[in-house]
Amino acid sequence: MEKRITGRTGMFCLIGTPVGHSGSPAMYNYSFAQTGLDYAYLAYDVPLEKTEEAVNALKVLGCKGFNVTMPCKTRVAELVDELSDAAKLIGACNTVVVKDGKLYGNNTDGMGFVRNLKENGVDVKGKKITVMGAGGAATAIQVQCALDGAKKLSIFNRKDEFYANGEKTVKKIQQMVPDCEVSIHPLEETDALYAAIKDSDILVNATKVGMKPLDDQSLVEDVSVFHPDLVVADAVYNPKETKFVQDAKAAGCKVAVGGIGMLLWQGAAAFKLFTGEDMPTDEVYELFFK
Ligand code: NAP
């Protein structure tokens, strides 16, 4: 690395807090080196109230692009010059490209989800999809699936903190993607959830259920609703294979994937936006995600 960095090396980074645990610097620096690009990537701990100052500083320093993590994603979406359709609908940015002093905001979480399914032979276009969750990951998945041609989206969330967010997502998708039939229902209505699953091509868990310390739980308790044609995907990547995914596999679902692929492909989508090049995803997966 010390041999690689010169006076001309371009800078990319991550902002948000906490960032100390982030795998992004290792992933991007490895990929820059592998693709022969004279760039370097750092992580900066930035609290919400310092977001605007940090973004202005990055502009002054000629930063070429940056990723954004919690809690700065929504604030950054307000600060950029232009937003992609997905970032506009989600109302949050995780990837900003700086070009000629202008900031272009994107959200690659949903792109990562859709790409991961594609890598597993599944296209969301024309599909009926049930998504459990209405938080950050769920919204990104719902919006990207709608933009990419999903026929029907049924959203389920507890009548809790994020339900109102789900209602907003429904309204936004109805306005921007009228061809997609979208609705939200309380997760407590188990009969409605199971009926939606039986009628769906794809079932997604985008809640924290399944993630440590909820790793002994799945929101689908009646495993008989996992029909063989159902594609099952989890956003949770810690553990790599959740109870939800294990149950779906045991029930014979044709595809059942965890969230690690979504994580890999959202990074690859950001790398493409930053550099125009493909991330060496096979090597990155082997080194940092396995
Ligand atoms: P978030 O914005 O805080 O949303 C959390 C979601 O989980 C909300 O819908 C919340 O609904 C629901 N939830 C929490 N506890 C629940 C419970 N006990 N029962 C039912 N629902 C519950 O979090 P997030 O950023 O979307 O993250 C969600 C999961 O996705 C995490 O495991 C995260 O690591 C993962 N993720 C993965 C990727 C990837 O690339 N694979 C990217 C982002 C996030 P309530 O209103 O009921 O609280």
Could you name each residue pair satisfying salt bridge (Lys or Arg N to Asp or Glu O under 4.0 Å) that touches [range], not counting sequence neighbours?
range	value
residues 253-274	K272-D278
residues 131-154	K152-D199
residues 94-110	K73-D109
residues 53-70	K50-E53

In the hydrophobic clustering that connects Ile, Leu, Val, Met, Phe, Trp and Tyr at side-chain heavy-atom distances below 4.5 Å, which members other than V236 occupy its cluster, ordered by chain and number? M211
Under 3.5 Å, side-chain donor or acceptor atoms of residues 160-169 against the rest of the protein: list the pairs with distances, not counting sequence neighbours.
unit_1 : atom_1 : unit_2 : atom_2 : d
N165   : ND2    : A134   : O      : 2.6
N165   : ND2    : T139   : OG1    : 3.3
T169   : OG1    : N165   : O      : 3.0

Please list all pairs passing the ring pair (Phe, Tyr, Trp, His ring centres under 6.0 Å) test where one or both residues lie in residues 85-121, with sequence neighbours left out. none
What pairs meet the ring pair (Phe, Tyr, Trp, His ring centres under 6.0 Å) rule with one or both residues in residues 175-196, with sequence neighbours excluded? F156-H185
Check: [X] side chain, [Y] main-chain N or O, donor-acceptor pair, under 3.5 Å:
X	Y	answer
Q142	G133	yes
Q266	L263	yes
H227	S200	yes

Drop me the distance from L14's CG to N67's CG, to the nearest 0.5 angstrom. 6.0 Å
Sidechain N-carboxylate O distance under 4.0 Å for K249, E241: yes
Among all residues two or more places apart in sequence or in another chain, which pass the salt bridge (charged side-chain N to carboxylate O under 4.0 Å, His left out) test with [X]?
X	value
R75	E52, E78
K125	none
E119	R115

T242: which of D234, D216, N205 passes side-chain hydrogen bond (donor to acceptor under 3.5 Å, both in side chains): D234
Suppose we call two aromatic rings close when their centres sit under 6.0 Å apart. Are F274 and Y39 close by that rule? no
Applying side chain to side chain contact (heavy atoms under 4.5 Å, CB included) to V223 and not counting sequence neighbours gives F226, D247
